[in-house]
Amino acid sequence: MKAIVSTLKGRRLTGVGSIGLIIVTVVVILAIIGPYVSPHDPIQHNLKARYKPLGYSDDNGTYILGTDQLGRDIFSRIIAGCRVSVIVSIFAVVIAGSIGVSYGLIAGFVGGWIDQIMMRIADALLSIPFIVLVVAISGVVGAGIFTLILILGFTGWVTYARVTRGEVLVAKELDYVIAATVVGQSKLKIMFQHILPNVMSSAVVLAALQVGVTIIAESSLSFLGLGVQPPSVTWGLMLADGRASIGSAWWMTTFPGIAITVVVLGVVFLGDWMRDVLDPRLRGE
Amino acid sequence: MARYIVSRFGQMIITMFLVSLLVFFMIRLKGDPITIMAPPHFNEEQVESLRRAWGFDKPLSEQYLVFITKAVTGDFGKSMSHNTPAMDLVVGRLKLTYLLAGVSAIIGILIAVPLGVLSALNRNSWLDVSVSALASLGTAMPNFWLGLMLIIVFSVQLGWFPVFGSDSLRAIVLPATCLGTGMAARLSRLTRSSMLEALRQDYMRTARSKGLKPRRVNVVHALRNALIPVITALGLQLGWLLGGSVVVESVFAWPGLGRLVIESIHVRDITVVQAAVFWFSFSFIMINLIVDLLYSVVDPRVKVE
């Protein structure tokens, strides 16, 4: 992991990469200090200021992006939404990544029929379209941030497993790994000390790119009413509110969607840059 | 060829068996599924009799055996909210989801392939740069939000298309555009890189040095080879379309399978959810099987593996 960080530090950011870094940094900072900088309380109702358009002002101040059906400030709610997106995507990606990397490591390293069975199971999980799987499970298990993280984490690991397994199969044939086997090092030691570091950079790149996928999945589920529940503020829930008044208050649907798109773009830009630096072989996939 | 087909069918059956396990255990993630199914006003006794009626009091292995023997005949039990077999409901909605996915795929291919090819032929031109920028935007945008934006512009403001439903031919335009452009964003990049790859090959140089017209070289020699990886990716993309349909159908109130899943979850109609998930993955597996078989016809090298 240290090696990965120092490799990344050594490379200059590309134009697109630095845009990505700026966007991601801003979102993470807003997720932390959001409540202190937002102009209004994101969950405070103000029934006198319902459905007000952009730039509306009253005694409480200006609502630059307008208000929603309960008179809440859209701009403040978008800032508040950063927190859920950051928390859900980071935890879900860490869970999925840990499961997937371990799974792929074991399957690739052990090989043989165990590998065959493990990869069949992974394929079966992939053969249910991701959103369908997640929607169905959250329908059974229930909604909420915590369960959502677990669901996204426990369903999103297959890609990591497949990529890691592929890398392990390559790493197993490397001269120094074979040398370590010949010298008689234990299998566990070979797996963790010699093979794992080789597969980590692909896993980190994949994790960066998966953050975007997770943010979209979270907002889709929340939009459908199966993810984060009110009074938590998320962009997906805001879009669901906006859909109900789509004929009259376009700003309610437009801005949360722009927020999601910009953040996902930022994550993808940053992830693409990391991939080019760490793992040029993955390019084009 | 026959051996390849047989082994692919074998794989498919194993995958379907594993999917059936997933679908079976999915509704038991919280323990006894009766807790989800029983209406809240039921008392202990009523819940108990419901549990016995559904066979949830039997050992798990026995429950699975009953589930799988019925499932292979297409019987997933009765829908609790409609009081008809769950499979009938699923089959009834299937057509509209396939129609939507099919039209979306055609839109996606019609946008992605020409743009990808033109980008590759004019590498680093303004066209290439703007296509790749649009592709990035298209992949970063949640497709249901694009759907909402299309509704605002084309239904609310311009009034060209209905806001929701599936009554007229025009109703499919917005949802299919929404899914199709998302797919085009993914597919155009692949077409571009695979076209670039094909343009670099030796046979291209041979063809050019034979004095063939550039257009003929590009279309006959490069494009035909470039499309092979695109066809493979199509299988995965159709899976993405099926998944995307769950959310997009809800946005446009398109009464397909995806919307049925959401409706059934809200009324806790578990048998329908199971049957629908099963069909989603069955369709996905079948699509990939067909794509793989097609692929082995287009590219005979595959069969060797």
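Numbers restart at 1 for each chain; the letters A, B, ... are given by sequence-line order, proteins then strands. We use all heavy atoms of the structure for the numbers below, so side chains are in, but hydrogens, waters and symmetry mates are not.
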- Parallel, tilted or perpendicular: which describes the rings of B:F154 and B:W160, with under 30° parallel and over 60° perpendicular? tilted
- Between the side chain of A:W157 and the main-chain N/O of A:F154, is any donor-acceptor distance below 3.5 Å? yes
- chain B: which of A:V140, A:L133, A:I131 shares the most heavy-atom pairs with it under 4.5 Å? A:V140
- Message: Below 4.5 Å, heavy-atom pairs only: which of B:L22, B:L21, B:V23, B:I14 has the largest tally toward chain A?
- Response: B:L22
- Minimum-distance pair of heavy atoms, taken over all atoms of A:T214 and A:V88: CG2-O, 4.4 Å
- Query: In terms of heavy-atom pairs under 4.5 Å, which option from B:G244, B:G258, B:G239, B:S250 contacts chain A the most?
  - Reply: B:S250
- Residue selection (most heavy-atom pairs with chain B, distance under 4.5 Å) from A:V134, A:L126, A:T254, A:I216: A:T254
- Task: Quick one: which of A:G139, A:G266, A:G257 has the most heavy-atom pairs under 4.5 Å with chain B, could you say?
- Result: A:G257
- Message: Heavy-atom pairs under 4.5 Å with chain B: which of A:I215, A:I137, A:V16, A:V141 has the most?
- Response: A:V141
- Query: Mind checking whether A:F255 and A:W250 have parallel, tilted or perpendicular rings, split at 30° and 60°?
  - Reply: tilted
- Message: What part of B:M149 gets within 4.5 angstrom of chain A, counting heavy atoms only: side chain, backbone, both, or neither?
- Response: side chain
- Message: Less than 4.5 Å to any heavy atom of chain A: does that hold for the side chain of B:L137, its backbone, both, or neither?
- Response: both
- Item | Partner chain A: residue of B:I270, B:V273, B:N143, B:V277 with the largest heavy-atom pair count (under 4.5 Å) | B:V277
- Which answer fits B:T139, side chain, backbone, both or neither, if we ask what part of it has an atom under 4.5 Å from a heavy atom of chain A? backbone
- Task: Under 4.5 Å heavy-atom distance to chain A, tell me which part of B:V19 shows up: side chain, backbone, both or neither.
- Result: both
- Message: Looking at A:Y51, I want to see if its OH is surrounded by more than 12 non-hydrogen atoms of other residues, nucleotides or ligands under 6.0 Å.
- Response: yes
- Query: Between A:V132, A:L125, A:D123, which shows the greatest number of heavy-atom pairs under 4.5 Å with chain B?
  - Reply: A:V132
- Message: Does either side chain, that of A:Y103 or that of A:T164, offer a donor lying less than 3.5 Å from an acceptor on the other one?
- Response: no
- Interface moiety of A:L221 toward chain B, non-hydrogen atoms closer than 4.5 Å: neither
- Query: What part of A:F223 lies closer than 4.5 angstrom to a heavy atom of chain B: side chain, backbone, both or neither?
  - Reply: side chain
- Message: Heavy-atom pairs under 4.5 Å with chain A - which of B:L148, B:V246, B:V261, B:V247 has more of them than the others?
- Response: B:L148
- Item | Heavy-atom contact with chain B under 4.5 Å, split by part of A:V268 | neither
- Do the ring planes of B:F282 and B:W279 sit parallel (below 30°), tilted (30 to 60°) or perpendicular (above 60°)? perpendicular
- Task: Look at the side chain of A:R50 and the backbone N and O of A:T67, then say whether any donor-acceptor pair between them is shorter than 3.5 Å.
- Result: no
- Message: If you define the side chain from C-beta out and look only at heavy atoms, does anything of B:M183 sit under 4.5 Å from B:L234?
- Response: yes
